[in-house]
Amino acid sequence: MTPIRQQVDFKTQILQGIPEELPSKRSPSEDVNRAPKRKDILRRDEKILAVRNALRYFPKKWHEELSKEFAEELNSYGRIYMYRFKPDYEMYARPISEYPANTAAGAAIMLMIQNNLDPAVAQHPEELITYGGNGAVFQNWAQYLLCMKYLATMKEDQTLHMYSGHPMGLFPSSLNAPRVVVTNGMMIPNYSNQDDWERFNALGVTQYGQMTAGSYMYIGPQGIVHGTAITVMNGFRKVLETGDSPSGKVFLTSGMGGMSGAQPKAGNIAGCITVCAEVNIQAAEKRHAQGWVDELIFSIDELVSRTKIAIADQEVVSLGFVGNIVDVWEHFYEEEVFVHLGSDQTSLHNPWAGGYYPAGLSFEESNQMMAENPELFKEKVRESLRRQVAAINKHASKGTYFFDYGNAFLLESSRAGAEIMDDKGKDFRYPSYVQDILGPMCFDYGFGPFRWVCTSGDPNDLEKTDEIALKVMKEIKNEAPLEIQQQMQDNIKWIEDAEENKLVVGSQARILYADAEGRIKIAQAFNMAIREGQISAPVVLGRDHHDVSGTDSPFRETSNIYDGSQYTADMAIHNVIGDSFRGATWVSIHNGGGVGWGEVINGGFGMLLDGSKEADTNLRNMLFYDVNNGIARRSWARNKEANFALKREMERTPGLQVTIAETVDDRFLNDLF
Ligand SMILES: NC(=O)c1ccc[n+]([C@@H]2O[C@H](COP(=O)([O-])OP(=O)(O)OC[C@H]3O[C@@H](n4cnc5c(N)ncnc54)[C@H](O)[C@@H]3O)[C@@H](O)[C@H]2O)c1
């Protein structure tokens, strides 16, 4: 029998939400990368509760049939995804005019959601996971269907409240309120460790939204290419003599998944040899087919010889190794392949459930062991981390500059008992990229991953926005102080090369590391261009949560805060509240993201520019606060770059009055205790 859902068109399906007729059962597609089976963590009574929770989305008459199916899903996958309810229409960001909606904001958010679930963009599209192994947009397909219906029918004076993927519903609000408020994984603090995520996610009451997955702001790996290119470029600037080029020098790292897949491309942009190991052949082949990695190599001996040739020939090339990163670190040491720059981007925020594959086990063996013998698997992960760190230490003793790239590598290695602490045993022996590079050079000055999406889906619109952004950046650079000239120059080059670098996967989007001035001026120019018809449809503005103000995370975004406040989360909370009443179209706040559940609080926003005067006011107000909140906090923590940026901003913005930290002479402190 033909399933009911195939007989109705896209718009009708969106508007019906949960279908009136029970769709026929379907199995998840095996053609796409699938989420690993999650840990079997629930007791019998909790499993019953999980099925009871899942059934509350559906009419009673379906309960008998669905209860068995959901129990089967829980047993087979560790979660109830409700595969049967995944719609049959293609999942991708359509032009905004194709969405049935009462509001442009509702249509734009639907577009962003579909982009996050597009199989070309998402890591595990069947399980509604966008990136990072567990970065969920929704917990199950019923939530997706309901949310899309609410967005389609929402009016200008309603707000949709999203509880960790669950659409609680539309509530009356006002024209100026955000149209959507998202929370993901917000827990009572004592219930926020990794097993709590497994348990409460399996119960269907919370989810790990990562950063831009659960807030619909993911724009494919481009979002991270820029940040990674900046990091690699500046990493090489740290280790090379002035004027020396990165070509023929090795950057060794791992992971070709959702975000990590950007590394080989970023390495090419930075102009070095990137060697990137990936255990999952599907992930490696996807990136190769997309042109994000130049060559795939399957044997370690071949990798060693190919890398030696690339060094000898001073090449700029990315080599993807299909295998375990630990083997590469060890073999490169034995074979005397010098590594200038080293990092890691396995998903160590999620070490026990498929984020990190231990050396010595095949990909399949690991997947089996993590489900069937999780305790032994944990020990294998710890053992592998100890081996990896031992090999990295040997390279470092020869001069390799190793940095943590925000995946909790240092944290998990220390927990595994690896030799990762410095001589005093207090700090890690390697810096995080934020401590050494991104914090002092970008975040403290207000530069962060601003982004925009052209809702027409038309590449010509994207080209036009690139042109506008470039013009604005050049104008700002002319007046910019010496302290930020390098950042401005890197950004100008990024935008100039963006089209040629073919960065778009999914929606017509662009990322650009800009400061508050840049973000506001670019947005103003876009809004004007929309008003004048030079850009054919509204533009969505947003940013990664990994930014100046959006994220409190002591081992990543706020790792260069040294006044003790790196363990507080006031900044991220102020940001989401502050943005919400300054004109954001949607706001979100998450527990977890990047470094793991319980380790970080992060938030973001989306803002629709429709060419209106109201959008002009909103963008000025909100983008200003969205950046300067973080600069103020960083300055209060005595970061000198932030202090410089804040004073400069206060001079030109009389309404900004921030408490300035006084510095203290050490001689008053040293003998006190
Ligand atoms: N600093 C940042 O800005 C930043 C940005 C994005 C992601 N991250 C962090 O980086 C990590 C990776 O993110 P992602 O989205 O790419 O996750 P992902 O799960 O999509 O990709 C990680 C990849 O690593 C591979 N892998 C795991 N263990 C391996 C091993 N031992 N050897 C070789 N390959 C192995 C996995 O197969 C997977 O494909 C996450 O922890 C994420 O939070 C940091």
Side-chain angles (χ1 to χ4, degrees), residues 33 35-36 121-124 129-135 208 210-213 218 220-221 223-232 252-264 266 275-287 292 320-329 343-351 353-363 366-367 370 380-381 383-385 387-388 403-409 411-412 432-434 437-439 442-443 448-449 511 513 544-547 551 553 555-557 559 592-597 599-600 602:
N33 195 346
V121 173
Q123 185 185 15
H124 306 306
I129 302 288
T130 302
Y131 71 93
N134 56 357
Y208 192 90
Q210 273 283 8
M211 293 195 151
T212 50
Y218 188 69
I224 185 126
V225 175
H226 190 24
T228 311
I230 288 178
T231 306
V232 175
L252 172 57
T253 186
S254 58
M256 280 189 256
M259 297 296 234
S260 48
Q263 295 177 106
V275 177
C276 189
E278 168 55 65
V279 282
N280 180 349
I281 187 169
Q282 265 184 315
E285 283 180 340
K286 181 170 168 180
R287 291 298 173 219
W292 288 66
F321 172 62
V322 183
N324 203 294
I325 183 62
V326 182
D327 295 328
V328 185
W329 281 109
S343 195
D344 188 274
Q345 234 188 107
T346 56
S347 275
L348 273 164
H349 69 275
N350 176 31
Y356 182 88
Y357 285 82
L361 292 177
S362 71
F363 183 63
S366 282
N367 283 338
M370 76 182 82
K380 295 279 178 202
V381 168
E383 195 182 300
S384 181
L385 281 171
R387 254 175 76 181
Q388 186 170 343
F403 61 92
D404 182 295
Y405 197 56
N407 63 338
F409 178 80
L411 184 67
E412 283 307 331
S432 104
Y433 69 116
V434 174
I437 300 171
L438 224 51
C442 291
F443 292 164
I511 179 167
Y513 261 65
D544 195 350
H545 298 193
H546 169 264
D547 195 6
T551 296
S553 178
F555 301 105
R556 216 169 86 167
E557 286 78 354
S559 59
V595 285
W597 187 253
E599 308 284 359
V600 46
N602 63 94

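The figures that follow rest on heavy atoms only: side chains count, while hydrogens, waters and symmetry mates do not. Residues take their numbers from the sequence shown, with the count starting at 1. Model, not experiment: these values are computed from the prediction. Counting convention: from 1, in listed order, for ligands and their atoms alike.
- For atom 4 (C) of ligand 1, the choice among Arg556, Met259, His349, Gln210 with the nearest heavy atom turns out to be Arg556.
- The aromatic rings of Tyr405 and Tyr433 sit tilted relative to each other, their planes meeting at an angle between 30° and 60°.
- Compare Gly355, Ala283, Gly406 by their heavy atoms: the one nearest to atom 9 (C) of ligand 1 is in Gly406.
- Polar contact with ligand 1: present for Ser260 (N/O pair, distance under 3.5 Å).
- Side-chain contact annotation: Ser254 with Asp344, donor-acceptor N/O pair under 3.5 Å present.
- Ring geometry, His349 versus Tyr208: the interplanar angle falls under 30°, so the pair is classed parallel (tilted spans 30 to 60°).
- A side-chain N or O of Tyr357 and one of Asn367 form a donor-acceptor pair less than 3.5 Å apart.
- Side chains of Thr253 and Ser343: a donor-acceptor N/O pair is absent below 3.5 angstrom, by distance only.
- Considering backbone and side-chain N/O atoms, Gly258 comes within less than 3.5 Å of an N/O atom of ligand 1.
- Of the polar atoms of Pro358, none of the N or O atoms is found under 3.5 Å from an N or O of ligand 1, judged by distance alone.
- When Ala277, Gly594, Ala359 are checked for heavy-atom proximity to atom 43 (O) of ligand 1, Gly594 turns out nearest.
- For ligand 1 and Gly133, the ligand atoms under 4.0 Å from any heavy atom of the residue are 19 (O).
- Not a single N or O atom of Met256, backbone or side chain, sits closer than 3.5 Å to an N or O atom of ligand 1.
- A donor-acceptor pair is defined here as one N or O able to donate and one able to accept, closer than 3.5 Å; no such pair exists between the side chain of Gln345 and the backbone of Asn407.
- Of the protein's non-hydrogen atoms, Glu278 OE1, 3.4 Å is the one closest to atom 38 (C) of ligand 1.
- On a distance-only criterion, Tyr433 and ligand 1 share at least one N/O pair closer than 3.5 Å.
- Contact analysis leaves Met211 out of contact with ligand 1, as no non-hydrogen atom separation drops below 4.0 angstrom.
- Checked against a 3.5 angstrom limit, the closest N/O atoms of Ile325 and ligand 1 fall inside it.
- Between Gly132 and ligand 1, an N or O atom pair is found at a separation short of 3.5 Å.
- Using a non-hydrogen distance threshold of 4.0 Å, Gly593 does not register as a contact of ligand 1.
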